[in-house]
Amino acid sequence: MKKVIILFCLSILPFVLVYPQTGVKSDCESNLEKIFKVYDLKRKFDIVEHIYEESRQKESILFSNYNYDYLDHLFKLIRGFPYFEQPKDSIPFVKPGEMEKRKCVYMPEEAVNEYIKQLDCTPGEAYRNYYNSIRNIKLEKELYLRCIDMELAKNFDSEYAKDVLRYELSFPSPSHLPIITKLHFLKVFKEFILNDGEAVLPNYFRVMVYLDCGCKTPYFKVYYPMYKVEN
């Protein structure tokens with residue numbers, strides 16, 4: 001009888017060992033997804049803030065027939081669907097290569113205001129969502145650190161070493177795009193957010209300095225002082 005019990009225990013041992021490992025992997029996948037969600041919220045804030053800043057100008061090249069495609073692209077990044085159904089109906093659309101031949105026509109103030117209204121998000125709201133997503137992760141700092149360290153230990157074998165993301169959306173897009181791998185993003189998030197306790201992600205310059213030499217540069221200015229967050 002004892003032999004039967006022993007054999008039974010040995011038979012289920014592999015399953016007992018595998019289950020916790022599977023659970024940890026599943027939890028870590030969920031935690032890493034939450035970290036990459038922070039990137040999505042950062043990108044949304046960057047876009048909304050830029051659009052609002054441009055909308056305050058009397059005549060912004062962003063709100064002109066030169067940039068209908070770009071405005072549509074930004075709107076899709078925020079709302080998930082296009083804003084302009086037929087751009088030619090209101091302002092003559094300028095195709096790439098034709099800018100020097102066509103007169104720049106600016107959107108009227110009413111059209112700009114309507115575009116802003118349809119964004120359905122202010123810079124302050126976008127920033128609070130971004131800030132709070134980071135704050136919530138910090139509440140379980142050790143769990144996220146463990147998951148990041150497990151992924152960083154894989155180095156080039158990590159699936160995130162092959163995927164890239166555009167860290168900042170430059171306006172207009174430069175020839176050298178601010179791109180890093182997702183694994184680099186995890187490394188940056190760990191160091192600046194979880195270890196140093198910074199409120200939001202560093203700018204691209206600070207990121208590249210850190211990834212290049214492990215050095216850390218200070219802020220050049222106080223970021224987002226006009227956006228209040230709940231304590």
Side-chain angles (χ1 to χ4, degrees), residues 33 36-134 163-182 185 200-208 220-229:
E33 285 178 3
F36 289 120
K37 179 63 177 179
V38 171
Y39 163 76
D40 294 333
L41 294 173
K42 173 190 182 300
R43 181 177 65 169
K44 182 174 182 178
F45 166 66
D46 289 341
I47 295 172
V48 173
E49 185 182 49
H50 173 69
I51 292 174
Y52 266 73
E53 287 177 350
E54 290 296 314
S55 71
R56 297 187 186 103
Q57 298 183 28
K58 185 176 181 181
E59 291 182 340
S60 168
I61 195 69
L62 178 64
F63 290 96
S64 73
N65 54 329
Y66 285 179
N67 280 302
Y68 256 83
D69 266 357
Y70 191 46
L71 273 177
D72 215 30
H73 173 67
L74 296 180
F75 193 88
K76 282 189 284 188
L77 288 177
I78 297 171
R79 297 295 306 273
F81 53 88
Y83 179 75
F84 301 108
E85 294 184 2
Q86 294 181 339
K88 294 181 181 180
D89 289 348
S90 54
I91 298 178
F93 174 65
V94 178
K95 296 180 180 179
E98 295 183 355
M99 293 185 180
E100 67 281 359
K101 303 177 184 178
R102 304 282 289 274
K103 180 180 178 181
C104 181
V105 179
Y106 297 100
M107 291 173 64
E109 184 177 354
E110 295 78 11
V112 174
N113 291 338
E114 182 61 26
Y115 181 91
I116 293 295
K117 179 181 177 181
Q118 294 302 318
L119 288 178
D120 199 26
C121 182
T122 66
E125 292 168 340
Y127 178 74
R128 284 190 288 274
N129 290 335
Y130 168 40
Y131 175 91
N132 287 331
S133 68
I134 292 177
D163 296 334
V164 297
L165 54 81
R166 187 170 175 181
Y167 189 78
E168 286 183 346
L169 292 175
S170 300
F171 308 100
S173 302
S175 57
H176 179 262
L177 297 178
I179 291 176
I180 62 173
T181 68
K182 286 188 173 181
F185 181 81
V200 293
L201 288 161
N203 62 29
Y204 183 64
F205 174 78
R206 296 180 70 211
V207 166
M208 293 312 295
F220 292 105
K221 64 177 181 178
V222 178
Y223 285 101
Y224 324 130
M226 71 292 288
Y227 305 122
K228 295 181 179 180
V229 294

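The structure presented is a predicted model; accordingly, all values stated were derived computationally and were not measured. In what follows, residues are counted from 1 in the order of the sequence shown.
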side-chain contact (heavy atoms from CB on, under 4.5 Å) for Leu62 and His50? Distances and angles first, verdict last.
CA-CA 10 Å; Leu62 178 64; His50 173 69; 4.1 Å; yes

Indicate yes or no for a side-chain donor-acceptor contact from Tyr39 to the backbone of Arg166 under 3.5 Å, with no hydrogens or angles considered.
yes

Looking at Asp72 and Phe84, would you say the former's side chain and the latter's main chain have a donor-acceptor pair under 3.5 Å?
yes

Which heavy-atom pair separates Tyr66 from Ile61 by the least distance, and what is that distance?
CD1-CD1, 3.4 Å

Nearest heavy-atom contact between Ile47 and Leu77 is CD1-CD1, 3.6 Å

Do you know the tightest heavy-atom contact between Ser64 and Tyr106?
CB-CD2, 4.0 Å

Interatomic distance, CG@Asn203 vs CD@Glu168, rounded to 0.5 Å, equals 6.0 Å

Tell me whether the rings of Tyr204 and Tyr167 are parallel (<30°), tilted (30 to 60°) or perpendicular (>60°).
tilted

Run the side-chain contact (heavy atoms from CB on, under 4.5 Å) test on Glu114 and Tyr83 for me, step by step, so that the C-alpha distance in whole Å, both residues' side-chain angles and the decisive distance to 0.1 Å come before the verdict.
CA-CA 11 Å; Glu114 182 61 26; Tyr83 179 75; 3.6 Å; yes

Closest non-hydrogen atoms of Ile134 and Leu201, given as atom of the first, atom of the second and distance, are CD1-N, 4.2 Å

Taking all non-hydrogen atoms of both residues, which atom of Val48 and which atom of Ile78 are closest, and how far apart?
CG2-CD1, 3.7 Å

Ignoring hydrogens and angles, tell me if any N or O in the side chain of Asn65 forms a donor-acceptor pair with the backbone of Lys103 under 3.5 Å.
yes

What's the separation between atom OH in Tyr68 and atom CZ in Phe63, rounded to the nearest 0.5 Å?
10.5 Å

Only counting residues at least two apart or in another chain, list the ones meeting side chain to side chain donor-acceptor pair (under 3.5 Å) with Thr181.
His184

Considering residues at least two apart in sequence or located in another chain, which fulfil the side chain to side chain donor-acceptor pair (under 3.5 Å) criterion with Glu53?
none

When rounded to the nearest 0.5 angstrom, what distance separates CG in Leu165 from CG in Asp40?
9.0 Å

Applying salt bridge (charged side-chain N to carboxylate O under 4.0 Å, His left out), can you list everything that pairs with Lys42, at least two apart in sequence or on another chain?
Asp46

Note: Ile51 and Ile116 closest approach over all heavy atoms is CG2-CD1, 3.5 Å

Verify, without hydrogens or angle tests, whether Tyr115 (side chain) and Leu71 (backbone) share a donor-acceptor contact under 3.5 angstrom.
yes

Partner set under side-chain contact (heavy atoms from CB on, under 4.5 Å) for Asn113, not counting sequence neighbours
Glu109

Backbone N or O of Ser60 within a donor-acceptor pair of the Glu54 side chain at under 3.5 Å?
no

Apply ring pair (Phe, Tyr, Trp, His ring centres under 6.0 Å) to Tyr52 and list each qualifying residue two or more places apart in sequence or on a separate chain.
none

Taking the cut-offs as 6.0 angstrom to the six-membered ring centre and 45 degrees off its axis, would you call Lys44 and Tyr130 a cation-pi pair?
no

If you measure from CG on Asp69 to CG on Leu74, what distance do you get to the nearest 0.5 Å?
11.0 Å

So Gln118 and Phe75, do their side chains get closer than 4.5 Å, heavy atoms only?
yes

